[in-house]
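Naming: A, B, ... by sequence-line order, numbering from 1 per chain.
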Amino acid sequence: MSKFNDEQLKEFSRLVARYPEGKQKSALLPVLHLAQDSFGGWLSADTMDYVAELLQINPIEVYEVATFYSMYNLKPIGKHLFEVCQTGPCMINGSDDIIEYIGTTLGIKPGETTADGMFTLKTVECLGACGYAPMMQMGKHYREHLTKEKIDAIIEECRKNAAANN
Amino acid sequence: MGVKLLLDKAHVPGIRFFETYRKEGGYKAVEKALKQMNPASIVEEVKKSGVRGRGGAGFPAGMKWSFIAKPEGVPRHLVCNADESEPGTFKDRYLMEFLPHLLIEGLIISSFALGSNDTYIYIRGEYAWIVDILEQAIDEAHANGFLGKNILGTGFDCNIYVQRGAGAYICGEETALIESLEGKRGNPRIKPPFPAIEGLWKRPTVVNNVETLAAVVPIINMGGDEYAKIGVGRSTGTKLISACGNINKPGVYEIDMTISVEEFLYSDEYCGGIANGKRLKACIPGGSSVPILPANLLLKTAKGETRLMNYESLSDGGFASGSMMGSGGFIVLDEDQCIVKNTYTLARFYRHESCGQCSPCREGTGWMEKILKNIDTGKGKMSDIDLLWDIQRKIEGNTICPLGDAAAWPVAAAIRHFRDEFEWHVNHPEEAQKRNYGLAHYADPIHVPA
Ligand SMILES: Cc1cc2nc3c(=O)[nH]c(=O)nc-3n(C[C@H](O)[C@H](O)[C@H](O)COP(=O)(O)O)c2cc1C
Ligand code: SF4
Ligand code: FES
């Protein structure tokens with residue numbers, strides 16, 4: 001099972017120190033983000049048990065939270081996660097076409113990952129970028145005013161980076 | 001040009017950083033508040049300003065602050081609500097991204113007024129890059145003696161922490177937010193007790209929106225009375241509006257609440273009119289939860305008066321012919337937009353976001369989504385429209401938190417104002433699948449492009 005390295009443990013301590021004595025459970029959401037970022041973009045049962053142990057809470061308290069919030073992935077995802085907004089304001093500005101275009105370009109449906117493990121497509125609800133629609137989240141950042149050309153360029157960029165890193 | 005109290009410096013290069021912000025007059029309000037005023041006099045100024053909560057409910061901030069309990073020996077907390085998840089709303093993001101120090105300054109003053117030594121910003125998890133911006137601003141404020149121990153030698157200690165959520169609209173509701181901040185699922189609490197008595201870790205807590213807390217800075221700088229002179233009636237000060245949909249200039253605008261909806265929508269200073277030379281069909285003026293209005297009722301009230309961009313005027317006519325200011329998310333639909341489809345996406349949103357504690361909300365949002373999807377995809381029956389109406393009525397008012405109402409109102413208003421479009425969908429299942437399915441007779445005749 002993977003454990004936090006020294007640097008990650010330092011970040012863990014920084015997060016826990018924000019709350020009063022005995023209230024370390026409050027750090028659960030940020031610690032789950034840290035764990036997800038550290039261990040391959042998703043939370044396995046082992047990871048959740050590890051987080052419970054670190055925070056000295058019951059594993060069930062971690063599972064409850066991990067299943068409630070949409071940003072925690074409970075199964076492995078592709079190297080690049082495309083989270084495309086489909087709520088009203090984005091729909092008005094053509095998010096349906098964008099979702100369909102990504103789907104046909106990559107040969108996957110929302111919720112699926114490409115066979116090479118490179119891309120996962122997910123539909124999400126309003127991300128607070130309605131004025132810059134259509135949009136999607138990629139990791140820590142937003143890609144806004146999406147067009148088919150932009151999607152092509154983004155996919156190309158991901159593939160190039162992967163090739164360069166191999 | 002209208003008055004600008006919050007965004008006046010948003011375009012100054014480098015304003016995101018302490019040095020520039022300070023040079024432009026930043027942190028003067030903190031100096032004034034901590035050195036020349038006391039907590040009670042700050043609360044008094046905020047009361048006088050008449051500023052109403054900018055998160056959606058519009059409750060007067062000064063009054064909320066005066067309710068906070070002060071039991072001996074129990075710490076109190078201020079929590080800044082930066083969850084901003086109401087569809088159509090992206091103003092807090094703008095403020096935090098471009099003017100992080102304005103929020104930090106407002107938080108220091110408000111923390112002093114409320115006696116909060118540990119203040120938390122709860123930000124939606126997706127705004128990950130803004131967390132870095134805020135944390136950098138907080139570090140700069142520490143380095144310059146505006147945060148930490150004994151601020152400006154006044155004996156007041158204050159720390160601000162940024163807590164990321166993880167994707168849940170319901171965590172914008174203040175008691176769900178508190179639960180989430182305690183490391184739990186975002187299930188709203190039954191009130192009372194109110195957070196002002198028993199909030200975070202059972203301690204007295206005030207939760208306020210980002211924009212409300214930023215507004216404390218101009219209120220302290222200019223005084224509550226002067227602030228109250230801006231705007232009209234009980235809509236004092238300025239309001240940030242995030243405008244989106246089929247308009248020429250989507251974006252975040254600061255308005256003083258005296259301008260008309262027509263000016264906001266059509267003038268080049270703001271939305272710049274409907275995109276692609278089309279006509280206005282409808283608008284959701286205050287975030288997805290508030291009632292949608294057809295063009296004619298948006299620009300004028302049922303009595304034929306000019307509708308203004310403020311709390312009173314937008315709600316003029318009640319739910320029969322009015323809407324609400326809400327969170328200031330202004331969503332514009334042009335003549336080609338389909339009301340059924342738009343309502344369906346919003347119903348799906350609320351079903352997705354219901355925490356599931358109350359059966360009317362959990363089950364009702366699911367049913368509304370299903371029925372709307374059927375009508376939208378040409379599988380609807382005429383009786384479905386009445387069924388939808390019934391369901392939304394059974395949710396409203398029968399739940400622990402207002403998410404139930406927020407899910408019911410958009411459906412109710414869409415049926416109330418656009419019933420024949422729902423009927424048309426049922427009667428024309430095939431035509432309704434084509435791209436352009438709006439019933440054009442709703443479009444605004446006033447602004448037919450030349
Ligand atoms: C379902 C739901 C979602 C909400 N989301 C937000 C939000 O994202 N941001 C916000 O400031 N207030 C939100 N609110 C309102 C808060 O409960 C609370 O009234 C507000 O934070 C108080 O701050 P204010 O008085 O400064 O507006 C929401 C309320 C409900 C019922
Ligand atoms: S109204 Fe909906 S979101 Fe609110 S507590 Fe009930 S089930 Fe949860
Ligand atoms: S609707 Fe897509 S970001 Fe708001």
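- Between A:Gln36 and A:Ser38, the side chains place no donor N or O within less than 3.5 Å of an acceptor N or O (distance only, hydrogens not considered).
- Contacts between A:Tyr132 and chain B at a heavy-atom distance below 4.5 Å involve the side chain alone, from C-beta outward.
- Side-chain contact annotation: A:Thr67 with A:Tyr72, donor-acceptor N/O pair under 3.5 Å absent.
- Side chain to side chain, B:Asp83 and B:Ser85 meet the donor-acceptor criterion of an N or O pair below 3.5 Å.
- Per-residue counts of heavy-atom pairs under 4.5 Å with chain A were compared for B:Glu135, B:Glu86, B:Glu84; the largest is that of B:Glu135.
- Only the backbone of B:Thr89 has a heavy atom closer than 4.5 Å to any heavy atom of chain A.
- One side chain, B:Lys91 or B:Asn209, offers a donor N or O that lies under 3.5 Å from an acceptor on the other.
- Of all the listed residues (A:Asn93, A:Ile57, A:Val124), the one sharing the greatest number of non-hydrogen pairs under 4.5 Å with chain B is A:Asn93.
- At a 4.5 Å heavy-atom cutoff, the contact between A:Glu64 and chain B is made by backbone and side-chain atoms alike.
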For this session: Report the C-alpha separation of A:Met138 and A:Leu81 in whole Å, then their side-chain angles, then the decisive distance to 0.1 Å, and conclude whether the side-chain contact (heavy atoms from CB on, under 4.5 Å) test is met.
Result: CA-CA 6 Å; A:Met138 254 183 89; A:Leu81 176 59; over 6 Å; no
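- For a residue to count as touching a neighbouring chain, one of its non-hydrogen atoms must lie under 4.5 Å from one of that chain's; by this rule B:Ile170 touches chain A with the side chain only.
- In this structure, B:Arg124 is positioned above the aromatic face of B:Tyr127, its NZ or CZ under 6.0 Å from the six-membered ring centre and within 45° of the axis.
- Among A:Gln137, A:Glu61, A:His33, A:Gln24, the residue with the largest count of heavy-atom pairs under 4.5 Å with chain B is A:His33.
- For the set A:Cys85, A:Gly88, A:Ala133, the entry with the most heavy-atom pairs within less than 4.5 Å of chain B is A:Gly88.
- Taking A:Pro30, A:Gly128, A:Pro89, A:Ala129 one by one and counting their heavy-atom pairs under 4.5 Å with chain B, the maximum is reached by A:Gly128.
- Neither the backbone nor the side chain of B:Asp118 comes within contact range of chain A; no heavy atoms are under 4.5 Å apart.
- Within residues 162-169 of chain B, the residues having any heavy atom closer than 4.5 Å to a heavy atom of chain A are B:Val162, B:Gln163, B:Arg164, B:Gly165, B:Ala166, B:Gly167, B:Ala168, listed by residue number.
- Between B:Phe98 and B:Tyr94, the ring planes are tilted. Angles from 30° to 60° get that label.
- Between chain A and the residues B:Trp201, B:Trp129, B:Tyr161, the most heavy-atom pairs under 4.5 angstrom are made by B:Trp201.
- Screening A:Thr123, A:Leu127, A:Ile99, A:Val84 against A:Met136 for a side chain to side chain contact (heavy atoms under 4.5 Å, CB included) leaves a single residue, A:Val84.
- With sequence neighbours left out, B:Lys202 forms a side-chain contact (heavy atoms from CB on, under 4.5 Å) with B:Glu198.
- No side-chain donor from either of B:Thr345 and A:Gln86 sits under 3.5 Å from a side-chain acceptor of the other.
- Options B:Asp334, B:Val252, B:Val332, B:Asn246 differ in how many heavy-atom pairs under 4.5 Å they form with chain A, and the most are formed by B:Asn246.
- Neither the backbone nor the side chain of B:Thr343 has a heavy atom closer than 4.5 Å to any heavy atom of chain A.
- A cation-pi arrangement is not found for B:Arg348 relative to B:Tyr350, the charged atom failing to lie both closer than 6.0 Å to the ring centre and inside a 45° cone about the ring normal.
- Between A:Phe119 and A:Phe82, the two ring planes are tilted [angle within 30° to 60°].
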